[in-house]
Amino acid sequence: MPELPEVEVIRRGIAPHIEGRRIVSATVRNSMLRWPVPGDLGLKIGGVRITKVSRRAKYLLFESGEAALILHLGMSGSLRLISVTAAVPPGKHDHVDFVLDDGTVLRFRDPRRFGAMLWETGDVMQHPLLAKLGPEPLTETFTGDLLYKQTRGRSVSIKQLLMNNSVVAGVGNIYANEALFHAEIHPMTPAGRISLSRYRKLVQAIKDTLNLAIEAGGSTLRDFVNSEGNPGYFQQQYFVYGRTGQPCRKCGVEIRQARQGQRSSFYCPHCQK
DNA sequence: CTGTTCTCCTGTGGGC
DNA sequence: TGCCCACAGGAGAACA
């Protein structure tokens, strides 16, 4: 699933091919994503020049002067660029195509259709999906001091807190688990009972794991044009995620799995307290 | 406000 | 080899 690092790597991969280009047309074959793709998307986006491809949390934003396309890859979404000469026929789950003014096609595929594609005029950051997001984890506004202040008196578990996008944007299940392991914090610890120094360590762990993943993805990044599969997706060497029953990479004790809010948590019972 | 539960969807993998 | 089914999960919506 595309986590924040994958989305960022995808953004970096496609931006050079899209920024400065005009979108000639859009073809929507299946509009039933998480929310319906606007029926008049093609009319609205046709002729629009994309000046910038940016990211907020796990949302990709294709910005023009006065409007923006908001794109979320959900669980199974992917983007690929197809050159005009390749003429690849769309597959079953290729729901949307954008034709650029150089003939390139940007194709959105999403088998599970948890993704989203919306059009917002005006200031895109005022869109309800984006307006209430917390700080970006990789910016300096996201600090241990902030998390500490924000969590006094709160009983929610730290793992679930990290996955709350209004607290910090775009930290998903994998990186919440991984960061808690590196910070040596048990995922079920109530957020209000964690000290300032531990929050500082946790925030650093979040930044480090995300940055490491982005670097790993960037280093293996292939060209997005005419590439098969899902360029931008990459398999990380995880410390706890998906490693139930396997030995902890630090101490050898078996990694445990538990359920927190309908979501799997993975942790080392020896390293994380 | 807080915290919890529900919901959308389909590919994958384990069991038999 | 084929079939069945639990499971996975981002995150907004709904609810207590």
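Per chain, numbering begins at 1; letters A, B, ... match sequence-line order.
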- Task: Go through the structure and list residues passing side chain to side chain contact (heavy atoms under 4.5 Å, CB included) with A/Pro269, not counting sequence neighbours.
- Result: A/Val253, A/Arg256, A/Tyr267
- Message: Do A/Arg259 and A/Ser265 pair up side chain to side chain, a donor and an acceptor below 3.5 Å, judged on atom types alone?
- Response: no
- Query: Hey, is the main chain of A/Val240 close enough, under 3.5 Å, to the side chain of A/Glu178 for a donor-acceptor pair?
  - Reply: yes
- Query: Base, sugar-phosphate, or nothing for A/Tyr241, non-hydrogen atoms under 4.0 angstrom?
  - Reply: sugar-phosphate
- If a stem is a run of at least 3 consecutive Watson-Crick or G-U pairs, both distances under 3.5 Å, which stems include DNA chain B? B:2-16 with C:2-16
What pairs of donor and acceptor atoms, side-chain ones from residues 162-172 of chain A against any protein atom, are under 3.5 angstrom apart with sequence neighbours left out?
unit_1   : atom_1 : unit_2   : atom_2 : d
A/Asn164 : OD1    : A/Ser166 : N      : 2.9
A/Asn164 : OD1    : A/Ser166 : OG     : 2.8
A/Asn165 : OD1    : A/Gly170 : N      : 2.9

- Atom-pair distance (CZ on A/Arg113; C1' on C/dG9), nearest Å: 16 Å
- So, A/Lys273 and A/Glu184, do they make that salt bridge, N to O below 4.0 Å? no
- Query: Taking for each residue the nucleotide of DNA chain B bearing the nearest heavy atom, is the 5' side occupied by A/Gly261 or by A/Arg112?
  - Reply: A/Gly261
- Item | Flag, side chain of A/Glu8 to backbone of A/Leu4, donor-acceptor distance under 3.5 Å | no
- Do A/Lys52 and A/Glu19 pass the salt bridge (Lys or Arg N to Asp or Glu O under 4.0 Å) test, and can you show the C-alpha distance, the side-chain angles, and the key distance before you say yes or no? CA-CA 5 Å; A/Lys52 192 178 175 192; A/Glu19 289 180 349; over 6 Å; no
- Can you check whether A/Ile174 reaches A/Thr209 side chain to side chain, under 4.5 Å on heavy atoms? no
- Task: Tell me which of A/Lys92 and A/Arg154 sits closer to the 5' end of DNA chain B, going by the nucleotide each one is nearest to.
- Result: A/Arg154
- Using a strict 4.0 Å threshold on nitrogen-to-oxygen distance, state whether A/Asp94 and A/Arg29 make a salt bridge. no
- Message: What is the first contacted nucleotide of DNA chain B and what is the last, in 5' to 3' order, if contact means an atom lying under 4.0 angstrom from a heavy atom of chain A?
- Response: B/dG3 to B/dG11
- Task: For nucleotides 10-16 of chain C, just jot down a letter per nucleotide in 5' to 3' order: B, S or -, based on protein non-hydrogen atoms under 4.0 Å.
- Result: BBB----
- Query: Can you name the residues that form a side chain to side chain donor-acceptor pair (under 3.5 Å) with A/Ser64, not counting sequence neighbours?
  - Reply: none
